[in-house]
Colleague: 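Here it is, the structure, as structure tokens.
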Amino acid sequence: MANLIHLKRIVLLSILILCTHRIYAQEAVITQRSFEHINLSFPGLEKTNQLFLAGKYDDAAAELLKYYRNRNIRHPDFNIGDRAKYAGKKLSKDILEMADNALLHKLKPHKAYPYFDYGTAINWQYAPVPDALIRTFLHRTNWWQQMGLAYWSTGDEKYAKEWVFQVRDWIKSNQPGAYPDDKEFAWKAFVVSFRLNNWSGYFNMFLQSPNFTPTFLMEFLNSYQQQATYVKANYTDIGNHLLFEALHMMYAGATFPELKASGEWRKSGIEVLNKEITKQVYPDGMQYELSTSYHIGTINIFRNALEIAQLANLESEFPASYRELIGKMVLAVTNFSFPDYTFPLYGNSFLTNKNTMLKNYSNWSKTFPQNKVIEYFANDAKKGTIPPYLSKSLPDAGFYTFRNGWDQNATVMVLKASPPAFFHAHPDNGTFELWVKGRNFSPDAGSYVYNDDAKTNNKKDWYRSTKAHQTLTMDNKNMLITKAVPEKWETGKDLDLLSYSNPSYENLRHQRSVLFIDKSYFVIIDRAIGTATGNPAIHYALKEDSKPVFDYKQNRINTRYPDGNNLLIQLLDQDPVLLKEEQSFVSYQYQQEIARPAFVFEKSKPDGNTQSFISILYPYHGNARPDIRMKENSGHDPAHGKINMTITIDGKTKLIQQDLNP
């Protein structure tokens with residue numbers, strides 16, 4: 001009986017799918033209006049124009065389709081001629097699974113989530129999880145790429161037939177105003193721009209299919225024109241979204257030059273990018289959102305725009321200063337990166353890998369073939385020239401890198417003490433990552449999720465919180481202001497020094513001074529200055545596999561890696577302080593997190609007197625923790641910015657004297 005019920009359900013579902021597809025089998029009538037956005041004077045469309053003028057609209061559309069199937073306009077990702085490379089080629093299990101699931105409307109808009117069933121009649125408003133990102137990614141229609149690859153590989157028309165169905169269904173179901181919040185999802189200009197970019201590639205993937213009919217061509221082109229016009233009229237005000245929109249407008253104009261508005265789209269994109277590169281990129285080369293991942297994304301936006309302009313003979317529309325700033329952006333990456341090509345996870349960034357970055361540098365090197373430093377990183381140090389410096393500041397962006405080398409044996413700390421930033425920036429001034437001999441001992445927490453429902457999931461707020469970063473908090477609250485003022489940046493043979501102040505809280509200024517001593521270890525001096533009262537605290541976090549040992553009596557923590565590459569963090573103050581373990585996590589990939597050790601040094605600030613913390617971060621080799629002691633010398637007065645102390649490390653002494661006052 002159960003089998004009979006199951007069989008009936010399958011038959012019912014098959015009938016529903018068949019009926020739905022038959023609706024679209026009755027193709028719309030092609031009329032004069034179908035051609036209103038096409039420039040019939042475009043070279044190659046002469047015969048199409050003759051048929052159009054003769055009122056033979058079906059024949060004109062058929063001729064236009066023939067033109068598109070034979071034209072020679074290059075797409076950056078997928079071109080008609082690429083099909084031969086995929087014919088008969090075995091696809092990965094993941095690609096084929098996504099393509100086959102798409103036939104059943106089981107979709108996976110974002111890689112962080114599983115497949116969801118969107119129904120026989122696709123529910124384009126379905127929100128399977130409380131993360132707005134999955135709805136915006138649904139309307140990018142990324143899974144059509146896998147369907148296209150499956151079509152190229154197998155030649156099976158079921159993929160092309162379903163793609164045509166889904167495109168038509170999307171157009172029919174998602175006209176502007178179809179539902180109240182469509183400007184947050186289907187018709188968010190940023191999302192529309194990605195759809196323009198994606199659809200132009202999918203167009204080429206399915207163009208040779210018999211299911212790609214002249215009628216469908218006209219529907220596709222008119223929808224594409226509608227969407228491109230919408231983006232141009234609804235650019236995002238600021239940020240990387242605006243850059244993506246402008247780039248995708250250039251793509252749209254270059255990919256479909258036969259459309260009347262294509263020239264305006266290209267021109268609009270160029271104007272926006274020329275204007276925004278000077279607004280969004282600091283003179284030191286950092287993009288103003290201060291997100292390491294998004295910085296790299298914006299490099300590729302500006303660079304890709306140059307490539308499109310070259311193909312369209314519009315390269316002169318970009319001044320020399322545009323290219324120069326892109327070069328500075330690339331060099332900024334070399335400065336905030338570690339020798340394994342990874343970089344800090346600041347500002348909603350996620351972990352990269354060496355292969356990805358080598359590909360980036362290879363592309364960047366093509367744009368800057370004379371730059372030997374970029375060539376060095378593009379060729380994994382086998383060619384080119386190593387940067388002629390070690391420690392380096394990006395003073396406009398507030399990124400400071402302490403470095404004793406460029407190879408795998410180097411010690412590198414990248415600290416962020418920045419001006420106010422936008423969108424992806426966290427309230428984290430003072431935070432840092434420390435990388436020693438191939439190991440990142442203190443990765444930034446990352447971000448885990450961009451959008452969530454605070455009623456059911458507060459992960460986004462935790463990952464953005466100040467306490468999740470390696471800096472000072474007051475009563476564990478979020479930093480109110482991120483507006484670091486650099487006070488000292490000095491590099492030398494035996495000492496590199498950074499000192500800055502940030503007005504973190506009402507009536508409380510945080511001064512952090514970092515001393516890189518003998519190109520070997522770090523002393524960090526934090527001062528909580530102002531009339532505010534409460535509990536200032538310094539937060540530290542370690543890599544998830546560090547297995548630290550806590551010595552609460554001596555206020556010190558050391559890692560226990562069996563390879564001997566270890567780190568000791570110790571508070572040297574002789575004032576009363578509370579060492580506490582904290583709950584902490586790190587997210588290297590979207591919606592994936594790992595618990596990791598973290599701790600905090602906390603003091604009481606009952607009045608307007610300055611409270612200070614003096615920490616040492618000492619990398620060492622072996623299993624025996626070094627013995628480190630601090631002696632206060634005459635005139636040592638951290639509260640007033642006077643440092644005069646002697647540090648003894650396993651019997652060897654080091655005198656440290658500094659005036660931290662600006």
Side-chain angles (χ1 to χ4, degrees), residues 390-391 400-405 409-413 415 432 434-437 439 441-442 470 487-499 511-527 538 540 542 548-561 564-577 579 599 601 603 610-661:
L390 293 172
S391 296
Y400 300 88
T401 301
F402 299 90
R403 186 188 301 273
N404 68 4
N409 291 315
T411 295
V412 185
M413 175 188 281
L415 183 146
F432 63 87
L434 175 59
W435 192 98
V436 182
K437 296 179 180 177
R439 176 167 291 132
F441 280 94
S442 55
Q470 301 196 107
E487 295 170 347
K488 293 182 181 180
W489 171 254
E490 302 167 3
T491 60
K493 182 180 178 182
D494 301 320
L495 176 69
D496 295 338
L497 169 66
L498 165 69
S499 188
Q511 184 196 58
R512 170 161 277 189
S513 302
V514 180
L515 289 70
F516 188 26
I517 298 171
D518 295 335
K519 297 288 190 291
S520 174
Y521 62 94
F522 299 88
V523 171
I524 300 179
I525 304 167
D526 291 288
R527 301 168 66 215
I538 303 297
Y540 289 100
L542 294 168
V549 175
F550 286 80
D551 183 342
Y552 293 94
K553 195 173 281 189
Q554 297 296 326
N555 291 323
R556 59 189 178 186
I557 301 92
N558 65 279
T559 63
R560 291 186 294 167
Y561 285 101
N565 183 16
N566 282 300
L567 176 69
L568 169 67
I569 300 177
Q570 182 174 339
L571 194 71
L572 301 177
D573 297 63
Q574 297 175 6
D575 301 338
V577 66
L579 168 59
F599 54 94
F601 295 114
K603 288 186 176 182
T610 296
Q611 289 294 329
S612 64
F613 301 80
I614 303 177
S615 308
I616 186 169
L617 282 66
Y618 192 84
Y620 66 96
H621 186 78
N623 298 319
R625 177 180 58 207
D627 180 58
I628 300 179
R629 301 165 188 261
M630 187 267 278
K631 180 186 134 184
E632 297 181 354
N633 300 321
S634 175
H636 180 73
D637 186 3
H640 292 91
K642 306 294 184 181
I643 303 300
N644 187 358
M645 61 185 181
T646 299
I647 295 179
T648 303
I649 304 172
D650 287 339
K652 295 181 180 180
T653 62
K654 182 75 176 184
L655 177 64
I656 299 175
Q657 295 176 314
Q658 283 292 326
D659 184 350
L660 302 180
N661 294 298

Colleague: Using distance alone, with no hydrogens and no angle criterion, decide if N633 and T646 have a side-chain donor and acceptor under 3.5 Å apart.
Modeller: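 Yes, side-chain donor-acceptor contact under 3.5 Å.
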Colleague: Taking atom OH of Y521 and atom CZ of F402, what is their separation to the nearest 0.5 Å?
Modeller: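 Atom-to-atom, Y521:OH and F402:CZ are 14.0 Å apart.
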Colleague: Tell me, do Y620 and D650 make a side-chain contact under 4.5 Å, heavy atoms counted?
Modeller: no
Colleague: Evaluate K493 against D518 for salt bridge (charged side-chain N to carboxylate O under 4.0 Å, His left out), listing each step before the verdict.
Modeller: CA-CA 7 Å; K493 182 180 178 182; D518 295 335; over 6 Å; no
Colleague: Could you walk me through whether N623 and Y561 pass the side chain to side chain contact (heavy atoms under 4.5 Å, CB included) check?
Modeller: CA-CA 8 Å; N623 298 319; Y561 285 101; over 6 Å; no
Colleague: So which atom in A639 and which in R527 form the shortest heavy-atom distance, rounded to 0.1 Å?
Modeller: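 The pair with the smallest heavy-atom distance is O-NH2, 2.8 Å.
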Colleague: Would you mind reporting whether L498 and E490 have side-chain heavy atoms less than 4.5 Å apart?
Modeller: no
Colleague: If I compare all heavy atoms of S513 with all of L660, which pair ends up nearest, and what's the gap?
Modeller: OG-CD2, 3.5 Å
Colleague: Are D575 and K603 packed together at the side-chain level, in the sense that at least one heavy-atom pair is separated by less than 4.5 angstrom?
Modeller: yes
Colleague: Would you call F599 and F550 a side-chain contact if the rule is heavy atoms closer than 4.5 Å?
Modeller: yes
Colleague: Within this structure, what is the CG-CG distance for the pair L497 and L515, rounded to the nearest 0.5 Å?
Modeller: 5.0 Å
Colleague: Taking C-beta and beyond as the side chain, do I647 and T653 meet within less than 4.5 Å on heavy atoms?
Modeller: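 Answer no - side chains too far apart.
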Colleague: Please name the pair of heavy atoms, one in V523 and one in I517, separated by the smallest distance, quoted to 0.1 Å.
Modeller: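 Scanning both residues completely, I find the closest heavy atoms to be CG2-CD1, 3.6 Å.
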Colleague: I need the minimum non-hydrogen distance between P548 and I557, along with the two atoms involved.
Modeller: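 Closest pair (atom of P548, atom of I557, distance): CB-CG2, 3.6 Å.
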Colleague: Can you confirm whether the side chains of Y618 and S520 place a donor and an acceptor under 3.5 Å from each other?
Modeller: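 Result is no, nothing qualifies.
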Colleague: Check step by step if side chain to side chain contact (heavy atoms under 4.5 Å, CB included) holds for D573 and S612.
Modeller: CA-CA 8 Å; D573 297 63; S612 64; 3.9 Å; yes
Colleague: Are F601 and F613 near enough that their ring centres are under 6.0 Å apart?
Modeller: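 Between F613 and F601, which both carry aromatic rings, the centre distance is not below 6.0 Å.
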Colleague: To the nearest 0.5 Å, tell me how far L390 CG sits from T491 OG1.
Modeller: 9.0 Å
Colleague: With a 4.5 Å limit on heavy-atom distance, are the side chains of R625 and N566 in contact?
Modeller: no
Colleague: Passes side chain to side chain contact (heavy atoms under 4.5 Å, CB included), F432 versus F522? Steps please.
Modeller: CA-CA 12 Å; F432 63 87; F522 299 88; over 6 Å; no
Colleague: Applying side-chain hydrogen bond (donor to acceptor under 3.5 Å, both in side chains), can you list everything that pairs with D496, at least two apart in sequence or on another chain?
Modeller: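 D496 satisfies side-chain hydrogen bond (donor to acceptor under 3.5 Å, both in side chains) with S391, K519 only.
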Colleague: Would you say the side chain of L655 lies within less than 4.5 Å of the side chain of N644, judging by non-hydrogen atoms?
Modeller: yes
Colleague: Minimum heavy-atom separation for S442 to L434, with atom names?
Modeller: OG-N, 2.9 Å
Colleague: In Å and rounded to the nearest 0.5 Å, what is the NE2 to CD distance from H636 to Q658?
Modeller: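 Here the interatomic distance stands at 12.5 Å.
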Colleague: Walk me through it: do R629 and D627 pass the test salt bridge (charged side-chain N to carboxylate O under 4.0 Å, His left out)?
Modeller: CA-CA 7 Å; R629 301 165 188 261; D627 180 58; 2.9 Å; yes
Colleague: Within the distance-only criterion (no hydrogens, no angle test), does the side chain of N565 pair as donor or acceptor with the backbone N or O of V436 below 3.5 angstrom?
Modeller: yes
Colleague: Count the heavy atoms of every other residue, nucleotide or ligand shown that sit under 6.0 Å from NZ of K654, and state whether that count exceeds 12.
Modeller: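 For K654, atom NZ is crowded (more than 12 foreign heavy atoms under 6.0 Å).
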Colleague: Return yes if some donor-acceptor pair links the side-chain N/O of N404 with the main-chain N/O of A410 below 3.5 Å, else return no.
Modeller: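 No; zero donor-acceptor contacts below 3.5 Å.
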Colleague: Kindly determine whether S499 and Q511 satisfy side chain to side chain contact (heavy atoms under 4.5 Å, CB included), including the steps that lead there.
Modeller: CA-CA 7 Å; S499 188; Q511 184 196 58; 3.7 Å; yes
Colleague: Hey, what do you get for CG (L567) to CD1 (I569), rounding to the nearest 0.5 Å?
Modeller: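 Answer for the CG-CD1 pair, L567 versus I569, is 4.5 Å.
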Colleague: Between CZ of R403 and CE of M413, what distance do you get to the nearest 0.5 Å?
Modeller: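 Result: 13.0 Å between the selected atoms.
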Colleague: Are W489 and F516 close enough that their ring centers fall under 6.0 Å?
Modeller: no
Colleague: Side chains of I628 and R556: does their closest heavy-atom pair fall under 4.5 Å?
Modeller: no
Colleague: Might you point out which heavy atoms bring G405 and V412 nearest each other, and give the distance in Å?
Modeller: O-CG2, 4.4 Å
